[in-house]
Amino acid sequence: METVSLSRAHGGAQGVYRHDSRVTGTPMTFSVFVPAHEEGERLPVLWFLSGLTCTHANVTDKGEYRAACAREKVILVAPDTSPRGEGVADADAWDMGQGAGFYVDATQAPWAPHFAMWSYVTQELPALVAEHFPVDMERQGITGHSMGGHGALTVALRHPGRYRSVSAFAPIVAPTQVPWGKALDAYLGDDRTAQRRHDAVALIGDGARLPDLLVDQGDADPFLAEQLRPALLEAACRDAGIALTLRMQPGYDHGYTFVSTFMADHLAWHAARLRG
Ligand SMILES: N[C@@H](CCC(=O)N[C@@H](CSC=O)C(=O)NCC(=O)O)C(=O)O
């Protein structure tokens with residue numbers, strides 16, 4: 001693992017790192033913020049999965065999480081959203097291909113084998129972070145924005161007990177029911193069973209559960225009606241008895257001005273559930 005950059009921030013350390021990923025077969029870059037802590041102390045970790053067109057840098061530069069992470073003593077890890085580089089498939093559209101991995105292990109050409117973001121965020125990166133950073137892997141939370149919210153919800157729903165806390169910012173809650181789901185068609189083919197395992201509303205309908213969940217959604221989000229559709233998650237959680245706190249935020253759109261505004265609330269949500 002190579003350190004790309006390391007800066008002191010809010011008494012802690014903001015780093016950017018690169019490694020040769022086994023599962024994607026490419027170099028992958030991610031960021032880690034480690035708050036100030038005692039020698040030998042291990043801290044809870046929050047995984048932040050980013051959205052379409054993002055790298056690790058969008059939330060690292062614009063997410064405004066460091067003050068809250070320092071206050072709550074929570075490590076935050078931000079991976080990339082797809083493999084990249086020469087020999088890696090791409091698309092002309094911004095909502096498929098590089099920057100749009102949808103946190104699945106693609107089975108279809110030309111996306112397989114490099115597009116293995118499910119294995120990357122659920123297995124390879126957690127093992128690497130646990131090896132190199134002072135994380136307590138018994139105290140993990142997960143969150144994300146948009147496509148990353150989809151990733152956070154599906155990863156948490158399919159790993160019961162691994163994450164003590166789950167939240168999302170303007171998540172894609174039912175990709176199989178919206179136009180952005182064309183990426184699942186491309187990556188997974190017409191295997192509806194496989195696609196349902198990457199759709200939070202479908203997973204809940206099929207019996208997956210969470211203890212509770214915080215979702216923030218701007219009501220001026222241009223993707224709200226066609227792509228995000230939080231009412232589908234609200235109905236699924238109601239039917240399943242999942243304690244969803246869905247907060248519609250007046251006047252907020254889909255960007256990082258929205259994400260950063262409510263980031264401290266999400267950190268507080270996670271910290272309250274991650275305390276030792
Ligand atoms: N079409 C634009 C905007 C794409 C966009 O809004 N991407 C969002 C996530 S959308 C679902 O995952 C985003 O996080 N953008 C990065 C940012 O820093 O705002 C385009 O072509 O970029």
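Just so you know, ligand 1 is whichever comes first in the structure, and atom 1 is the first atom listed for that ligand. For clarity, every value in this text was computed on a predicted model and none was experimentally measured.
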Identify the protein heavy atom lying closest to [atom], giving its residue, its atom name and the separation to 0.1 Å.
atom	answer
atom 15 (N) of ligand 1	T53 OG1, 3.5 Å
atom 6 (O) of ligand 1	F223 CE1, 3.9 Å
atom 11 (C) of ligand 1	S146 OG, 2.3 Å

I'd like to check which ligand 1 atoms, numbered from 1 as shown, lie under 4.0 Å from a non-hydrogen atom of [X].
X	result
M147	11 (C), 12 (O)
W94	1 (N), 4 (C), 21 (O)
H145	14 (O)
N58	16 (C), 17 (C), 18 (O)
K62	17 (C), 18 (O), 19 (O)
C54	13 (C), 14 (O), 16 (C)
H254	9 (C), 10 (S), 11 (C)

For [X], does the [atom1] atom have more than 12 heavy-atom neighbours from other residues, nucleotides or ligands under 6.0 Å away?
X	atom1	value
E138	CD	no
D239	CG	yes
E38	CD	no

Between [X] and [Y], is the ring centre distance below 6.0 Å?
X	Y	value
F169	H266	yes
Y65	F48	no
Y120	F30	no

Checklist line | Option whose closest heavy atom lies nearest to atom 13 (C) of ligand 1, chosen from L52, L49, D61 | finding: L52
Margin query: Checking contacts now, so for atom 17 (C) of ligand 1, which I'm interested in, is there any protein heavy atom under 4.0 Å?
Written below: yes
Notebook entry, point to check: Does any N/O atom on Y256 come nearer than 3.5 Å to any N/O atom on ligand 1?
Noted result: no
Item checked: Heteroatom proximity flag, G51 to ligand 1, N/O under 3.5 Å -> no
Next item on the list: Using a strict cut-off of less than 4.0 Å between a Lys/Arg side-chain nitrogen and an Asp/Glu carboxylate oxygen, indicate whether E234 and R229 qualify as a salt bridge.
Entry: no
Listing, residues 219-228 side-chain donor-acceptor contacts under 3.5 Å, not counting sequence neighbours, or none:
from, atom 1, to, atom 2, distance (Å)
D219, OD1, G251, N, 2.7
D221, OD1, F223, N, 2.7
D221, OD1, H254, ND1, 3.4
D221, OD2, Q217, NE2, 3.1
D221, OD2, H254, ND1, 2.4
Q227, OE1, W180, N, 2.9

Notebook entry, point to check: Going by atom types only, do D199 and T176 share a side-chain donor-acceptor pair under 3.5 Å?
Noted result: yes
